[in-house]
Amino acid sequence: MLKGRSAVVTGSTSGIGLGIARALARQGANVTINGFGEPEAIETLRAGLERSHGVGVAYSAADMMRPADIAAMIADAERTFGSVDILVNNAGIQHVAPVEEFPPDRWDAIIAVNLTSAFHTTRAALTGMKRRGWGRIVNIASAHGLVASPFKSAYIAAKHGIVGFTKTVALEVARQGITCNAICPGYVLTPLVERQIEDQARTHGLPREEVIEKVMLERQPSRQFVKVEEIAALALFLCGDSAASMTGTALSVDGGWVAQ
Ligand code: NAD
């Protein structure tokens, strides 16, 4: 389905990004993966994806807090695979604290990684997409891009921001064969959420199981974590020709969270 296409997925050494990179490779796309981790583990991951799916897989160590790294990552991907047809802005970090105790450096980092990096990747990738008259941009926002919860001010500001950015990009390129959409997951059990469970357990002084049930999944009517594969399947759909007219949307995959 995506043979001959090339994708960049930010923050894809783990969690949702890795699931999306895997799904894109399975459909025949060449993929640049990105994110932090042990070099050996990342190389095993990269080589494994390449071997299992018979596509080209490159790794970029670009830090999504650094605009120069981001520009180099897109340029490298274009050089390696000939194009960046699909861009998935997925890298994200979290910090949980009341506003007045929120460390300013954490605020800046969350806005940089979760919001501003998507501006830098998008502006770098759009030139080639416009030239070729085809492109797919998928931004991984959150239920927290549509509604708020306490103690996550920077994350919620960034995720609301990325939903707005998604709409603006969609409008700017609507006549050029390029779509831009946001996916808004509820809680997905990934390393990012594992860390939140630990933080919340400390904040509320509750055991892990109680945090999962009473704090986290309390807002998710299904009372089930969303699966990484469900997010990847929607991202894949958005990258296909059947989704050519879907653009500027924020699609919820959240067990009913924002229906409340
Ligand atoms: P994760 O922690 O498992 O993965 C995050 C990835 O981003 C990792 O590969 C990490 O190395 C990378 N990363 C972090 N900082 C980076 C930086 N400065 N530069 C480059 N890469 C960086 O998290 P996840 O749960 O898979 O989250 C992925 C995205 O999904 C995030 O944007 C997150 O906000 C969003 N999301 C997650 C959930 C959830 O419940 N897990 C829900 C809604 C939205």
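Atoms within each ligand, like the ligands themselves, are counted from 1 in listed order. Values below: all heavy atoms of this structure, side chains included; hydrogens, waters and symmetry mates excluded.
- Side-chain atoms of Thr10 never come within 3.5 Å of backbone atoms of Asn89 as a donor-acceptor pair (strictly under, hydrogens ignored).
- For Arg202, the side chain to side chain donor-acceptor pair (under 3.5 Å) partners are Asp199, not counting sequence neighbours.
- Annotation: side chain to side chain donor-acceptor pair (under 3.5 Å) contacts of Tyr187 (sequence neighbours excluded): Lys152.
- Residues meeting the side chain to side chain donor-acceptor pair (under 3.5 Å) test with Ser149, sequence neighbours left out: His144, Arg219.
- Between the side chain of Asp69 and the backbone N or O of Met64 there is no donor-acceptor pair closer than 3.5 Å.
- Cluster membership check: Val88 shares its hydrophobic cluster with Tyr59, using side-chain heavy-atom separations under 4.5 Å among Ile, Leu, Val, Met, Phe, Trp and Tyr.
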For ligand 1, output the ligand-protein N/O contacts shorter than 3.5 angstrom; if there are none, return none.
residue  : atom   : partner : partner atom : Å
ligand 1 : 2 (O)  : Arg195  : NH2          : 3.0
ligand 1 : 3 (O)  : Ser14   : OG           : 2.5
ligand 1 : 4 (O)  : Ser14   : OG           : 3.4
ligand 1 : 9 (O)  : Gly11   : O            : 3.4
ligand 1 : 9 (O)  : Thr13   : N            : 3.2
ligand 1 : 9 (O)  : Thr13   : OG1          : 2.7
ligand 1 : 11 (O) : Thr13   : OG1          : 3.4
ligand 1 : 11 (O) : Phe36   : N            : 2.8
ligand 1 : 18 (N) : Asp63   : OD1          : 2.9
ligand 1 : 19 (N) : Met64   : N            : 2.8
ligand 1 : 25 (O) : Thr190  : OG1          : 2.4
ligand 1 : 26 (O) : Ile16   : N            : 2.8
ligand 1 : 32 (O) : Asn90   : O            : 2.7
ligand 1 : 32 (O) : Lys159  : NZ           : 2.9
ligand 1 : 34 (O) : Tyr155  : OH           : 2.6
ligand 1 : 34 (O) : Lys159  : NZ           : 3.0
ligand 1 : 40 (O) : Val188  : N            : 2.6
ligand 1 : 40 (O) : Val188  : O            : 3.2
ligand 1 : 41 (N) : Val188  : O            : 3.0
ligand 1 : 41 (N) : Thr190  : OG1          : 3.1

